[in-house]
Amino acid sequence: MTLPYGKKLLEHFKHPHNVGVIKDADAKATEGSPACGDIVTLYLKVDEKTHKIKDIKFESYGCASNIATASVITDLVKGKTIEEAKAITWKKAADELGGLPPIKMHCSVLAVDTLRSAILNYEEIHGLIKDKKPTSRNEILDRIKHVMNPIRGEDIVKTGTVQDVIFEKGNVTVLLNLEEDNQFAANISEEIIEQLQSIWDIKKINIKFTI
Ligand code: FES
């Protein structure tokens with residue numbers, strides 16, 4: 001089946017803008033699409049005084065629609081403040097590309113969700129969250145779902161690598177169904193810490209191996 005892609009979408013897919021990694025990024029986020037399992041990572045450099053996005057780059061393991069949407073949103077938000085960037089919707093990104101086939105809308109949602117997560121990561125790191133509500137155990141689990149089990153190719157909550165999460169008085173303990181000397185133990189631990197460390201009411205993260 002050939003999907004009805006427009007000229008602008010194909011142009012962004014074939015020659016995507018702002019692809020790559022920012023090594024000293026001020027914030028980053030990785031999101032996966034529940035609809036297709038594809039993944040996008042987005043990196044931000046932000047001016048600390050004006051909160052304007054100075055640079056933005058992305059890596060996508062998604063389809064043509066996702067690459068094109070990520071490319072177009074990086075163009076749209078460069079030079080904008082993080083508040084202006086937050087106002088960009090997947091619909092606006094899709095319109096910018098001249099429309100997307102309906103079965104591809106989730107690809108645009110994935111790109112915009114990743115942008116929002118990267119902005120949230122920036123706000124958390126820089127203490128900019130205004131409405132600070134206590135973080136729940138379920139919110140912690142949602143963050144940990146961003147960490148993949150490299151053998152199964154699915155997240156570590158879904159694959160049962162996470163046995164339990166305990167959150168008490170600012171201390172999080174993540175119990176992993178892994179041996180400490182498992183070849184992926186160090187990587188998985190690092191990624192869990194990366195996901196949780198910017199949350200305002202988490203003071204300490206303990207990873208425990210239960211096998
Ligand atoms: Fe997965 Fe498009 S089909 S991002």
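Each ligand, and each atom within it, is numbered from 1 in the order the structure gives.
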Identity and distance of the protein heavy atom lying nearest atom 2 (Fe) of ligand 1: Cys63 SG, 2.2 Å

N/O/S from Cys107 sitting under 2.8 Å away from atom 2 (Fe) of ligand 1: yes

Flag for Tyr5-Ser65: side-chain donor and acceptor within less than 3.5 Å: yes

Asn121 side, atom CG; Glu124 side, atom CD - distance, nearest 0.5 Å: 6.5 Å

Asp38: its N/O/S atom lying closest to atom 1 (Fe) of ligand 1 (atom name): OD2

Heavy-atom neighbours of Glu84 CD exceed 12 at 6.0 Å: yes

For Asn66, atoms of ligand 1 separated by under 4.0 Å from a heavy atom: 4 (S)

Check: Trp90 side chain, Cys107 main-chain N or O, donor-acceptor pair, under 3.5 Å: no

Test item: Lys45 side-chain N/O and Asp24 main-chain N/O as donor-acceptor pair under 3.5 Å: yes

Under 4.0 Å to a heavy atom of Lys104 - the qualifying atoms of ligand 1, by number: 2 (Fe), 3 (S)

Metal check, atom 1 (Fe) of ligand 1 vs Cys36 N/O/S, cut-off below 2.8 Å: yes

